[in-house]
Amino acid sequence: MAYNVFQYFSVAVAETEYIMIDIKFLRENPEVVKQNIRNKFQDSKLPLVDEVIELDKKSREFKQEADSLRAEKNKIAKSIGALMAQGKKDEAEAEKKKVAEFSERLAELEKLEPEYAEKIKTIMMTIPNIIDPSVPIGKDDSENVEIERFGEPVVPDFEIPYHTDIMERFDGIDLDSARRVAGNGFYYLMGDIARLHSSVIAYARDFMIGRGFRYCVPPFMIRADVVTGVMSFAEMDAMMYKIEGEDLYLIGTSEHSMIGKFIDQMIPEKTLPQTLTSYSPCFRKEKGAHGIEERGVYRIHQFEKQEMIVVCKPEESPMWFDKLWQNTVDLFRSLDIPVRTLECCSGDLADLKVKSLDVEAWSPRQKKYFEVGSCSNLGDAQARRLRMRVQGENGEKYLPHTLNNTVVAPPRMLIAFLENNLQADGSVLIPKALQPYMGGQTKLVPTK
RNA sequence: GGAAGCGUAUCGAAGCGGUCAUAACGGCCCUGACUCGAAAUCAGGUAGCCCGCAAGGGCUCGUGGGUUCGAAUCCCACCGCUUCCGCCA
């Protein structure tokens, strides 16, 4: 079945470029682009490469013809101006007639130009970003590759209840009220559990500030052109809530407003790298494959997150990628939660991304790891879409690379926290690092 | 929500039908001179994109349309920003 490039067009299309790679690169390296598509198991897109090359060729031919006609027209218009100034009206009239001769062909070409540009753009939007050579090749998430484990995944000799059951022992969650008020996928956190939630965010904030990141509270709503600048149509459709009657969307993560911060900006090279950590609530439709079927606070429409983003020189992005995920691992380890890193294989990697890995926390209840964070290198794709450029020290301008990573996202993170810190007597130990944020408490004791 | 003003290069800003878009003027930045070095001063340079081997050409004055031989400049619509008033945590 041919890939339907129009399937995501239900959302409004603004003027932004939605493409992920430079068409010049595609023109010069069609085989690289095709191999990349094969690596991502999107073979149905393969014919699009030759198709877009053909369209691009024709488009440039039309453009060339139109350009020379326009050049001719400009020349004549200029000479008319001169003749008028000298009062030679008859000669000016004769020149006017000349313009009419080719204005028809020019009008034809001027209609074709945007038509071809649109066709090219439509295809280019679906050509995925070139993945990093280090990305393991695989069809889907079942072929993601475990990179490294940190900490001992312990299975205690007593039973670990489902996370909402743990929370209920502390009278810490009210899903019934949440359903009445907002529906499935929302929650009330109560008492010490709510406090724990805020403590984790506050601790994570200070943790990142301690690592030299600049703290930022961004807008929680953004415009459509920022949305399309930071994510693909598929993601947008599955994730973003739109405000009715306004050109505003609720952010799905503060990455959106943090990378969007640089839209249309010329960034002085000496201000790089920009290393920022931001707090925000996040809103997601979760319309995709999983939906909201999981019970509890694992997959929800609203959560809070401490995020980190980096804007840097292209050659530095692999280095920052490693630093970023290391931060998350270190944070979880500082709270005694075992984690592992799982590299996203080619087929599971979003089209915009160059490389991505998940940080997963240990669940002693499920006896497996589950995702608590995601670290991505977007290469220059977001920069291209958002028209953010760097002004180099020696005058040249180039696209920076952008990266983002979760520091911590409760309440999901609380699942890992509660499960790993639960004691046989039903109490939950508060790790030293978190105690100052919990009013000095060393453990939480169940109320029922 | 009401009123007014504004959207021009990396920034500020002039231009208000052809002689002002290789965009005045100024700032930033770069190079050179002077200096032991720096500051100050002086001189010069500094838009992006597209097509083209090149020469060269085209496009871009918020966006889209209109008038015109010709639009940054006139007209219409839309978008955005600012200020004042109103409302408000």
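These numbers come from the heavy atoms of this one structure, side chains and all, not from hydrogens, waters or symmetry mates.
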Distance, rounded to the nearest Å, where K270(A) contributes NZ and rC30(B) contributes C1':
11 Å

Which whole-number value in Å describes the distance from D264(A) CG to rU10(B) P?
11 Å

I'd like the C1' distance from rU35(B) over to rU8(B), given in whole Å.
40 Å

Which nucleotide, if any, forms a Watson-Crick or G-U wobble pair with rG70(B), using both distances under 3.5 Å?
none

Report the distance from atom CZ of R389(A) to atom P of rC29(B), rounded to the nearest whole Å.
19 Å

Cationic tip of R205(A) above Y279(A) ring, under 6.0 Å, 45° of axis:
no

Modelled atom types, side-chain donor and acceptor of S198(A) and R195(A), under 3.5 Å:
no

Can rC78(B) be described as syn, meaning its chi torsion is within 90° of 0, or is it anti?
anti

For the residue pair Y203(A) and Y437(A), does the interplanar ring angle fall in the parallel (under 30°), tilted (30 to 60°) or perpendicular (over 60°) class?
perpendicular

For the residue pair H256(A) and Y249(A), establish whether any side-chain heavy-atom pair is separated by less than 4.5 Å.
no

Among the candidates rG48(B), rU10(B), rG52(B), find the nucleotide nearest to the side-chain atoms of K397(A).
rG48(B)

Between rA13(B) and rG7(B), how far is it from one P atom to the other, in whole Å?
8 Å

Nearest-Å distance once atom C1' is located in both rG18(B) and rA72(B)
13 Å

To the nearest angstrom, the CE-C1' distance between M388(A) and rG48(B) comes to 17 Å

Can you list, pair by pair, the side-chain donor-acceptor contacts under 3.5 Å of residues 313-322 of chain A, counting residues two or more places apart and other chains?
unit_1: S317(A); atom_1: OG; unit_2: P314(A); atom_2: O; d: 3.4
unit_1: S317(A); atom_1: OG; unit_2: N377(A); atom_2: ND2; d: 3.0
unit_1: S317(A); atom_1: OG; unit_2: H401(A); atom_2: ND1; d: 2.8
unit_1: D322(A); atom_1: OD1; unit_2: W325(A); atom_2: NE1; d: 3.2

C1' atoms of rA38(B) and rC51(B), separation to the nearest Å:
48 Å

Same-atom distance (C1') from rU10(B) to rU46(B), integer angstrom:
10 Å

I need the CZ-C1' distance between R60(A) and rG52(B), as an integer number of Å.
10 Å

Could you tell me the Watson-Crick or G-U partner of rC6(B), where both distances fall under 3.5 Å? Say none if there is no partner.
rG80(B)

Heavy-atom neighbours of R214(A) CZ exceed 12 at 6.0 Å:
no

rA21(B) and rC16(B), which share atom name P, separated by this distance in whole Å
11 Å

Using Watson-Crick geometry (N1-N3 plus N6-O4 or O6-N4) or G-U wobble (N1-O2, O6-N3), each under 3.5 Å, rU19(B) is paired with none

Pairing nucleotide - rC28(B), Watson-Crick or G-U, each distance under 3.5 Å
none

For atom P, what is the distance between rA9(B) and rG62(B), given to the nearest Å?
8 Å

Residue pair D56(A)/R223(A) against RNA chain B: nearer the 5' end by closest nucleotide is D56(A)

For nucleotides 56-62 of chain B, give me one character per nucleotide, 5' to 3': B if any protein heavy atom sits under 4.0 Å from the base, S if the only such contacts are to the sugar-phosphate, - if neither.
-BSS---

Looking only at atom P, what distance separates rG45(B) and rC69(B), rounded to whole Å?
40 Å

Along RNA chain B (nearest heavy atom to each residue), the more 5'-positioned of R27(A) and M266(A):
M266(A)

Nearest non-hydrogen partners of P128(A) and I21(A), listed with the distance
O-CG2, 3.9 Å

Measure the distance from CD1 on I263(A) to P on rC81(B) and round it to the nearest whole Å.
12 Å

M20(A) side, atom CE; I127(A) side, atom CD1 - distance, nearest 0.5 Å:
8.0 Å

Separation of rC30(B) atom C1' from Q391(A) atom CD, nearest Å, is 10 Å

Mind listing the closest non-hydrogen atom pair of T406(A) and S374(A) along with its distance?
OG1-N, 3.1 Å

Would you mind reading off the distance between L248(A) atom CG and rG80(B) atom C1', rounded to a whole angstrom?
13 Å

May I ask you to say what K24(A) touches in the nucleic acid, namely base, sugar-phosphate or nothing, with a heavy-atom cut-off under 4.0 Å?
sugar-phosphate

